[in-house]
> 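Structure in structure tokens, see below.
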Amino acid sequence: MDAGTLVGWFDANARELPWRADGTTPWGVLVSEIMLQQTPVARVEPVWLDWMARWPRPSALAAVSRGEVVRAWGKLGYPRRALRLHEAATVIAAEHDDTVPSDVDTLLSLPGIGAYTARAVAAFAYGRRAPVVDTNVRRVVARAVHGAGDAGQPSTKRDLSDVDDLLPVEEKLAARLSIALMELGAIVCTARSPRCTMCPIHAECAWQLAGTPEYTGPAKAVQTYAGTDRQVRGKLLDVLRGTAGPVPKSRLDVVWSDAGQREACLASLLDDGLVEQLADGRFTLPGEHQAGSPK
DNA sequence: AAAACGTGGAT
DNA sequence: TATCCAAGTTT
């Protein structure tokens, strides 16, 4: 597929997202990428704006308590991401001169940054040539290149190789193609009702040429939520997020009737460092109060 | 390498 | 109302 076609389409049709504005720092890009993991753009936007206003550099985030970070994370979900971002900021401030690394291997060494995020930061923040593979890109490649209805099981090695094959040699153009592929998957080549008539590569799409066959691979695992520990942890944490100060255990006991599951979830939150218990027995978000001194 | 890990809007 | 799904990472 022609990089110029897709990049031209991107330039004319890309959404104006705050982290794409001129002047966005690599730190801003990193924050957006972490927040966007498994979380829709619309929910990230307001939180990102608030976050960047409060903590415009990694060192600013590193300077506040974990609890403050978890509170600001709000209801984006998967709050361990907030903790890992806080850790990553601490490392960046202390070991990288407060500058987000531009090299994929260094990025991969930071907590919360995996195969996707490392390359997204390298490409979007630094204009590097890096195969950026997320769920959107996997779907675009499955259709446009392989002629399948949807992507099969992820395979980091093969997925990276597939996309690497599409990228031109020239760095800046490759980086632009990477973000164009993602955007195409996000707004045109979507999971449910792809807008194929608006697609810039409609004529050369292998899926179109094959007659848009149905997806035939293994069924995707359906993710349940109701009744899971995930739900219980969410309810417990929501009590602490919604309260300024420490709360007695009785406040947490009312969110879930199954005491065994409730206790296990509270223990796991303490273990994760998302919740802290004070000397007087009350619970708080971590680091917002003196753990050793009552009241 | 499968499973855990939040949340809420859209269909 | 129920299911799907959203810029993944970690263990």
Side-chain angles (χ1 to χ4, degrees), chain A residues 10 14-15 17-20 24 28-48 70 73-85 87-88 107-125 130-141 150-151 153-157 159-160 163 178-187 189-194 215 218-242 255-256 261 264-265 268-269 271-275:
Chain A
F10 178 82
R15 294 166 292 178
L17 304 175
W19 44 88
R20 288 179 180 169
T24 301
V29 173
L30 173 58
V31 171
S32 78
E33 292 303 338
I34 300 290
M35 289 183 173
L36 286 162
Q37 291 169 3
Q38 302 284 281
T39 308
V41 165
R43 284 171 45 207
V44 167
E45 286 197 37
V47 181
W48 184 88
V70 170
W73 193 257
K75 307 197 77 168
L76 285 181
Y78 294 141
R80 291 188 299 187
R81 288 182 294 167
L83 255 28
R84 296 193 181 115
L85 180 55
E87 287 176 56
L107 286 161
L108 282 170
S109 73
L110 297 171
I113 298 185
Y116 162 76
T117 304
R119 291 172 179 82
V121 170
F124 306 159
V132 177
V133 183
D134 74 330
T135 186
N136 291 306
V137 173
R138 280 172 27 76
R139 186 172 54 247
V140 169
V141 170
D150 200 352
Q153 300 305 116
S155 159
T156 302
K157 212 171 149 64
D159 294 340
L160 285 174
V163 175
S178 286
I179 198 164
L181 284 169
M182 277 187 63
E183 189 74 351
L184 188 72
I187 69 181
C189 194
T190 55
R192 259 162 307 179
S193 312
Y215 171 73
K220 324 232 164 188
V222 287
Q223 170 157 278
T224 60
Y225 181 64
T228 62
D229 286 0
R230 227 153 66 252
Q231 182 182 23
V232 179
R233 285 165 54 105
K235 284 177 176 293
L236 290 168
L237 205 56
D238 199 42
V239 171
L240 300 177
R241 272 197 306 257
V255 306
W256 198 253
Q261 185 178 18
C265 287
S268 76
L269 287 169
D271 189 55
D272 285 346
L274 284 163
V275 173

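We name chains A, B, ... by the order of the sequence lines, and we start the count at 1 in each one. In this text, all values refer to a predicted model and were calculated from it rather than measured experimentally.
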> Can you find an N or O donor on one side and an acceptor on the other, under 3.5 Å apart, linking the side chain of A/Gln223 with the base of B/dC5?
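Present.
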
> Choosing from C/dA6, C/dA7, B/dG8, which nucleotide comes nearest the side chain of A/Pro40?
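Selected nucleotide: C/dA6.
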
> Contact class for A/Arg233 vs. all strands (heavy atom < 4.0 Å): base, sugar-phosphate, or nothing?
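Answer is sugar-phosphate: A/Arg233 comes under 4.0 Å of backbone atoms only.
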
> Pick the nucleotide of DNA chain B nearest each of A/Arg230 and A/Arg192; which residue has the one closer to the 5' end?
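Counting from the 5' end, the first nearest nucleotide belongs to A/Arg230.
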
> So, are A/Arg15 and A/Glu45 salt-bridged, with charged N and O less than 4.0 Å apart?
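Salt bridge absent between A/Arg15 and A/Glu45.
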
> NA contact type, A/Ser32, heavy-atom cut-off 4.0 Å: base, sugar-phosphate, or nothing?
nothing

> Can you tell me which nucleotide in B/dC5, C/dA6, C/dA7 comes closest to the side chain of A/Ala186?
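In terms of side-chain proximity for A/Ala186, the closest of B/dC5, C/dA6, C/dA7 is C/dA7.
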
> Go through the N and O atoms of the side chain of A/Thr228 and the base of B/dG6, and report whether any donor-acceptor pair is under 3.5 Å.
no

> Any donor and acceptor pair, going by atom type alone, linking the side chain of A/Glu33 with main-chain N or O of A/Val29 inside 3.5 Å?
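Checking the backbone N and O of A/Val29 against the side chain of A/Glu33, no donor-acceptor pair under 3.5 Å is found.
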
> For A/Gly112 and A/Leu36, find the nucleotide of DNA chain C closest to each by heavy atoms; which residue's nucleotide sits nearer the 5' end?
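Closest to the 5' end, via its nearest nucleotide, is A/Leu36.
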
> If the cut-off is 4.0 Å, is A/Tyr116 near the phosphate of C/dT9, judged by side-chain N/O to OP1 or OP2?
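Result: no.
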
> So, is A/Arg139 close to the C/dC5 phosphate, meaning a side-chain N or O under 4.0 Å from OP1 or OP2?
no

> NA contact type, A/Ala191, heavy-atom cut-off 4.0 Å: base, sugar-phosphate, or nothing?
sugar-phosphate

> Starting at atom CG of A/Leu17, determine the distance to atom P of C/dA6, rounded to an integer number of angstrom.
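So the two atoms are 16 Å apart, to the nearest Å.
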
> How is A/Arg20 classified with respect to the nucleic acid when contacts are heavy atoms under 4.0 Å: base, sugar-phosphate, or nothing?
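Base contact.
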
> Do A/Thr39 and A/Arg81 have side-chain N/O donor and acceptor atoms under 3.5 Å apart?
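The answer is yes; a qualifying pair exists.
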
> What does A/Leu108 touch in the nucleic acid at a heavy-atom separation under 4.0 angstrom: a base, only the sugar-phosphate, or nothing?
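Touches nothing.
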
> On a whole-Å scale, what distance lies between the P atoms belonging to C/dA7 and B/dA4?
23 Å

> At 4.0 Å (heavy atoms only), tell me whether A/Trp73 reaches a base, stays on the sugar-phosphate, or touches nothing.
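Since no nucleic acid heavy atom lies under 4.0 Å of A/Trp73, the category is nothing.
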
> Test your reading of the model: is there a side-chain donor-acceptor pair from A/Thr228 to the backbone of A/Ala226, 3.5 Å cut-off?
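No.
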
> Could you pick out which residue, A/Val41 or A/Val222, lies toward the 5' side of DNA chain C when each is mapped onto its nearest nucleotide?
A/Val222

> Check whether any side-chain N or O of A/Lys220 sits under 4.0 Å from OP1 or OP2 of C/dC4, and answer yes or no.
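For C/dC4, neither OP1 nor OP2 has a side-chain N or O of A/Lys220 closer than 4.0 Å.
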
> Contact class for A/Pro154 vs. all strands (heavy atom < 4.0 Å): base, sugar-phosphate, or nothing?
nothing

> State which of B/dG6, C/dA7, B/dT7 makes the closest approach to the side chain of A/Arg43.
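Taking heavy atoms from C-beta onward, the closest nucleotide is B/dT7.
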
> Using a heavy-atom cut-off of 4.0 Å across all strands, would you classify A/Gly77 as base, sugar-phosphate, or nothing?
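Since a base atom lies under 4.0 Å of A/Gly77, the category is base.
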
> Counting only side-chain nitrogens and oxygens, does A/Gln38 get under 4.0 Å of the OP1 or OP2 atom of C/dG8?
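It does, given that an N or O in the side chain of A/Gln38 lies less than 4.0 Å from OP1 or OP2 of C/dG8.
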
> When we call it a touch if two heavy atoms are under 4.0 Å apart, what does A/Ala221 touch: a base, just sugar-phosphate, or nothing?
nothing

> Under a 3.5 Å distance rule, please check whether A/Arg84 uses its side chain to pair with a backbone N or O of A/Ile34 as donor and acceptor.
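Pair absent, no side-chain N/O of A/Arg84 close to backbone of A/Ile34.
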
> Closer than 4.0 Å, any side-chain N/O of A/Arg80 to the OP1 or OP2 of C/dT10?
no

> Any side-chain N or O of A/Thr39 below 4.0 angstrom from OP1/OP2 of B/dG6?
no

> Could you tell me whether A/Thr117 contacts a base, only the sugar-phosphate backbone, or nothing, with contacts defined as non-hydrogen atoms closer than 4.0 Å?
sugar-phosphate

> Quick check against the 3.5 Å criterion: does A/Trp48 have a side-chain atom that pairs as donor or acceptor with the backbone of A/Gly28?
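Between the backbone of A/Gly28 and the side chain of A/Trp48 there is a qualifying donor-acceptor contact (under 3.5 Å).
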
> Between B/dC5, B/dG8, C/dA7, which nucleotide gets closest to the side-chain atoms of A/Lys75?
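Ranking B/dC5, B/dG8, C/dA7 by closest atom to the A/Lys75 side chain puts B/dG8 first.
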
> Suppose you measure atom C1' in B/dG6 against the same atom in C/dC5; what distance do you get, rounded to whole Å?
13 Å

> Given A/Lys235 and A/Asp238, is the salt bridge (Lys or Arg N to Asp or Glu O under 4.0 Å) satisfied, shown in steps?
CA-CA 5 Å; A/Lys235 284 177 176 293; A/Asp238 199 42; over 6 Å; no

> What nucleic acid atoms does A/Ile113 come within less than 4.0 Å of, heavy atoms only: base, sugar-phosphate, or nothing?
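Counting heavy atoms under 4.0 Å across all strands, the contact made by A/Ile113 is with sugar-phosphate only.
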
